[in-house]
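Notes follow the structure.
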Amino acid sequence: IVTKAGPQFSIPKSKSGFRQITIPDFVANELKRHKTNQTAERLAAEEWHNHDLVFCRKNGLPLEPRDFSHRFSEIAKDAGVSSTFHDLRHDHATRLFAEGKHPK
């Protein structure tokens with residue numbers, strides 16, 4: 001949650017707030033590559049704010065939501081998918097249904 005004081009981190013309120021998802025091997029491999037690169041950035045940084053984030057700025061601080069949304073829209077447009085992060089969920093579900101798969 002982003003507040004006037006900055007980002008606030010909290011754990012989900014209930015057990016249903018925790019999710020486990022299956023990802024393809026190529027996504028897992030890409031995330032491992034990203035983590036290796038991020039570790040190098042962390043070690044090279046003069047100052048690092050450790051929030052244990054997968055995606056963050058070069059100093060470990062959370063991404064600005066507006067910056068993320070703007071950049072995501074650019075990438076999504078180039079990829080030919082929904083242009084907002086929220087709409088991507090619906091786009092993905094529609095594609096799964098088209099393949100005869102249930103989105104859950």
Side-chain angles (χ1 to χ4, degrees):
I1 299 171
V2 179
T3 67
K4 290 180 182 179
Q8 302 295 313
F9 299 99
S10 63
I11 61 171
K13 294 178 184 176
S14 67
K15 288 181 183 179
S16 65
F18 291 91
R19 300 284 193 291
Q20 187 172 26
I21 61 170
T22 303
I23 57 174
D25 288 341
F26 79 92
V27 173
N29 292 335
E30 191 63 26
L31 286 169
K32 287 174 187 174
R33 186 183 69 76
H34 173 72
K35 184 174 184 175
T36 299
N37 292 340
Q38 188 179 59
T39 299
E41 287 179 355
R42 178 176 51 84
L43 293 172
E46 290 182 25
E47 181 180 22
W48 183 263
H49 302 269
N50 190 14
H51 296 291
D52 198 27
L53 300 172
V54 175
F55 300 104
C56 59
R57 291 189 247 170
K58 299 266 185 203
N59 62 2
L61 288 173
L63 298 170
E64 289 291 333
R66 272 179 273 163
D67 294 342
F68 173 82
S69 295
H70 179 71
R71 183 70 179 122
F72 179 84
S73 293
E74 291 173 347
I75 294 169
K77 182 179 177 184
D78 291 343
V81 296
S82 297
S83 63
T84 67
F85 193 70
H86 179 76
D87 288 347
L88 188 61
R89 294 175 55 205
H90 302 288
D91 187 54
H92 181 65
T94 300
R95 290 171 192 247
L96 286 173
F97 275 128
E99 294 177 10
K101 299 176 184 173
H102 194 279
K104 288 192 176 183

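Starting from 1, each residue takes its place in the sequence as its number. Computed over heavy atoms, backbone and side chain alike; hydrogens, waters and symmetry mates excluded.
Contact annotation: the side chain of Cys56 approaches that of Trp48 to within less than 4.5 Å [non-hydrogen atoms, C-beta and beyond]. Put simply, the side chain of Leu61 reaches to within 4.5 Å of the side chain of His51, judged on heavy atoms.
Salt bridge annotation for Lys101-Glu99: present, with a cationic side-chain nitrogen under 4.0 angstrom from a carboxylate oxygen. A salt bridge is defined here as a Lys NZ or Arg NE, NH1 or NH2 lying under 4.0 Å from an Asp or Glu carboxylate O, and Arg71 with Glu74 meets this definition.
Between His34 and Phe55, the two ring planes are tilted [angle within 30° to 60°].
Side-chain heavy atoms closer than 4.5 Å link hydrophobic residues (I, L, V, M, F, W, Y) into clusters, and following such links, even through other members, never connects Leu53 to Val27.
Interatomic distance, Arg42 CZ to Glu47 CD, rounded to the nearest 0.5 Å: 14.5 Å. Summarising the geometry, atom OG belonging to Ser69 is positioned 9.5 Å from atom CZ belonging to Arg66; distances are rounded to the nearest 0.5 Å.
The environment of CG in Asp52 is sparse: at most 12 heavy-atom neighbours from other residues, nucleotides or ligands sit within 6.0 Å. Atom CG of Asp25 has 12 or fewer neighbouring heavy atoms from other residues, nucleotides or ligands inside a 6.0 Å radius. Within a 6.0 Å sphere centred on CZ of Phe9, heavy atoms belonging to other residues, nucleotides or ligands number more than 12.
Arg57 places no side-chain N or O within donor-acceptor distance of the main-chain N or O of Leu63, the cut-off being under 3.5 Å.
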Would His92 and Leu96 satisfy side-chain contact (heavy atoms from CB on, under 4.5 Å), going step by step from the backbone distance to the final call? CA-CA 6 Å; His92 181 65; Leu96 286 173; 3.4 Å; yes
